[in-house]
Amino acid sequence: MTVPSPTSSAFYVQFPQGLVPKAQAVLELLGQAVDVARVFTVTHRPEDDDDWLELLSSGLTFDLSGLSGNGPAPDVVMRYGVAADAVPDRSAWLCLTPGDHLSGGGRQVPVVRVMAAVVLGLLELPGATAVAWGPARTLMGADHFRRIIPGWLKGGAFPALGLTALKRDEADNVVSEGLSFFTGLELRIEPLLAKQPGLAGKVAVRLIHSLVEGWTVKEPVEVEGPEGEILGVTPEENGKILRVCLAR
């Protein structure tokens, strides 16, 4: 098992300090919650290591670490459904990462879907309060996570406000973080749109969903926005940024 970097393909489940569940609690959950047991099983419990378990879900294996209560805290910048003054370092964390056999595959959307389903199950553990997603440096309240993930797992919209993040840069653009994990690029929404936060958010969520679903932009294009506005979408910085503005 390898220790994930703060922004690697990793979900973190938050618990109050000193109340992180042990391996036995995970096994007991599977014995008591039929719905959770349908999602994942425990396939390996090391005799000489009480910190981690190997989980199996949809034919894929994942490492669940932090069971000894000493898991590292994630790097958090944006919060959704969590108090702004929540301090991750004052919590205990379980960490879910792709198994070694998925080397390089952790960025694939189907793998992240399976991981998200497993996390929904882990939220049934007593005391679970929130979920962090490493690539976007986001922290989501448990209720927020439960609200945005199930629809996506059934084929609905990508949960942009959680598995990616939106924030403002020094030039007052609205920029995404974490989208590059899935697509290799980030969005930059110019200030004219950014001055309308509700509209900028709708535009970003719609474009993020399209990009994660496979839409590619190789040259400047115009697309219709969520309220009928015409948007200019331009690749910049060798395709690493998509600049979005009002075209007309």
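The chain is numbered in sequence order, starting from 1.
Between Val20 and Leu94 there is a side-chain heavy-atom pair separated by less than 4.5 Å. For the pair Leu199/Glu227, a side-chain contact is recorded, criterion being any heavy-atom separation below 4.5 Å from C-beta on. At a threshold of 4.5 Å between non-hydrogen side-chain atoms, the residues Met78 and Tyr80 count as touching. The shortest distance between side-chain heavy atoms of Val175 and Lys167 falls below 4.5 Å. In this structure, the side chains of Leu153 and Leu120 come closer than 4.5 Å at one or more pairs of heavy atoms. Counting heavy atoms from C-beta on, the side chains of Val212 and Leu179 come closer than 4.5 Å. Side-chain contact between Met115 and Pro98 is present, with heavy atoms from C-beta onward closer than 4.5 Å. Counting only heavy atoms from C-beta outward, the side chains of Leu125 and Val13 never approach each other to under 4.5 Å.
Contact between Ala136 and Gly162 at its shortest, heavy atoms only, is CB-O, 4.3 Å. Nearest heavy-atom pair across Leu122 and Ala128 is O-CB, 4.3 Å. For the residue pair Val217 and Val233, the shortest heavy atom distance occurs at CG1-O, 4.1 Å. Considering every non-hydrogen atom in both Gly232 and Ala247, the closest pair reads N-CB, 3.7 Å. Looking at every heavy atom in both residues, Ser57 comes nearest to Val114 through OG-CG1, 3.4 Å. Heavy-atom minimum distance, Gly141 versus Val82: N-CG2, 3.0 Å.
No donor-acceptor pair closer than 3.5 Å links the side chain of Asp172 to the backbone N or O of Pro191. Within the 3.5 Å criterion, the main-chain N or O of Asp50 finds no donor-acceptor partner in the side chain of Ser68. Panel note: side chain Glu236, backbone Arg243; no donor-acceptor pair is recorded below 3.5 Å. Side-chain N or O atoms of Ser58 include none that pairs as donor or acceptor with a backbone N or O of Leu60 at under 3.5 Å. When atom types are taken as modelled, the side chain of Arg113 and the backbone of Trp152 share a donor-acceptor pair closer than 3.5 angstrom. A side-chain donor-acceptor contact under 3.5 Å links Ser210 to the backbone of Arg206. In terms of modelled atom types and a separation under 3.5 Å, the side chain of Glu190 and the main chain of Val244 share no donor-acceptor contact. A donor-acceptor pair under 3.5 Å links the side-chain atoms of His144 to the main chain of Leu161, judged by distance alone. No donor-acceptor pair closer than 3.5 Å links the side chain of Gln14 to the backbone N or O of Val131. Under a 3.5 Å cut-off, the side chain of Glu28 and the backbone N or O of Val26 do not form any donor-acceptor pair.
Rounded to the nearest 0.5 Å, atoms CD (Glu229) and SG (Cys245) are 11.5 Å apart. One distance of note links CG of Leu231 with CG of Leu242; it measures 12.0 Å at 0.5 Å rounding. In this structure, CG in Asn173 is found 6.0 Å from CZ in Arg188, a value given to the nearest 0.5 Å. Put simply, CD1 on Ile241 and CG on Leu185 are 7.5 Å apart, with the number rounded to the nearest 0.5 Å. From Leu187, atom CG reaches atom CG of Leu166 across 8.0 Å, with rounding to the nearest 0.5 Å. Of the inter-residue distances, the one linking Thr41 atom OG1 with Leu56 atom CG reads 4.5 Å to the nearest 0.5 angstrom.
Side-chain rings of Phe62 and Phe40 stay apart, their centers remaining 6.0 Å or farther from each other. Ring centroid separation for the pair Phe181 and Trp133 comes in under the 6.0 Å cut-off.
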**Request:** Dump the intermediate steps for side chain to side chain contact (heavy atoms under 4.5 Å, CB included) on Phe145 and Leu123, then the final yes or no.
**Result:** CA-CA 9 Å; Phe145 193 84; Leu123 283 176; 3.7 Å; yes
**Message:** Would Val118 and Leu96 count as a side chain to side chain contact (heavy atoms under 4.5 Å, CB included) here? Give the steps.
**Reply:** CA-CA 9 Å; Val118 172; Leu96 183 73; 3.8 Å; yes
**Request:** Applying side chain to side chain contact (heavy atoms under 4.5 Å, CB included), run through Leu55 and Thr43 and close with a yes or a no.
**Result:** CA-CA 6 Å; Leu55 309 183; Thr43 50; 5.9 Å; no
**Prompt:** Taking it one step at a time, do Phe158 and Phe182 satisfy ring-ring contact (aromatic ring centres under 6.0 Å, His included)?
**Reply:** CA-CA 11 Å; Phe158 178 78; Phe182 299 101; 5.3 Å; yes
**Message:** Pair Val76, Arg137 - check side chain to side chain contact (heavy atoms under 4.5 Å, CB included), show working.
**Reply:** CA-CA 5 Å; Val76 169; Arg137 298 191 294 173; 5.8 Å; no
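Residues passing the side-chain hydrogen bond (donor to acceptor under 3.5 Å, both in side chains) test with Glu237, sequence neighbours excluded: none.
Residues Glu54 and Arg45 are not paired through a salt bridge, judged by the lack of any N-O separation under 4.0 Å between the basic side chain and the carboxylate.
Under the 30°/60° scheme for interplanar angles, the aromatic rings of Tyr12 and Trp93 are found to stand perpendicular.
In the hydrophobic cluster analysis, where Ile, Leu, Val, Met, Phe, Trp and Tyr join through side-chain heavy atoms closer than 4.5 angstrom, Ile189 is grouped together with Val221. Residue Val109 is grouped with residue Ile148 when hydrophobic side chains (ILVMFWY) are merged at heavy-atom distances under 4.5 angstrom, including chains of intermediate members.
Counting only residues at least two apart or on different chains, no ring pair (Phe, Tyr, Trp, His ring centres under 6.0 Å) pair has a member in residues 194-240. Residue pairs meeting the salt bridge (Lys or Arg N to Asp or Glu O under 4.0 Å) criterion with at least one partner in residues 8-17, sequence neighbours excluded, do not occur; the list is empty.
With hydrogens and angles left out, the side-chain atoms of Gln17 and Ser91 include no donor and acceptor closer than 3.5 Å.
Heavy-atom contacts from other residues, nucleotides or ligands closer than 6.0 Å to CG of Asn238 number 12 or fewer.
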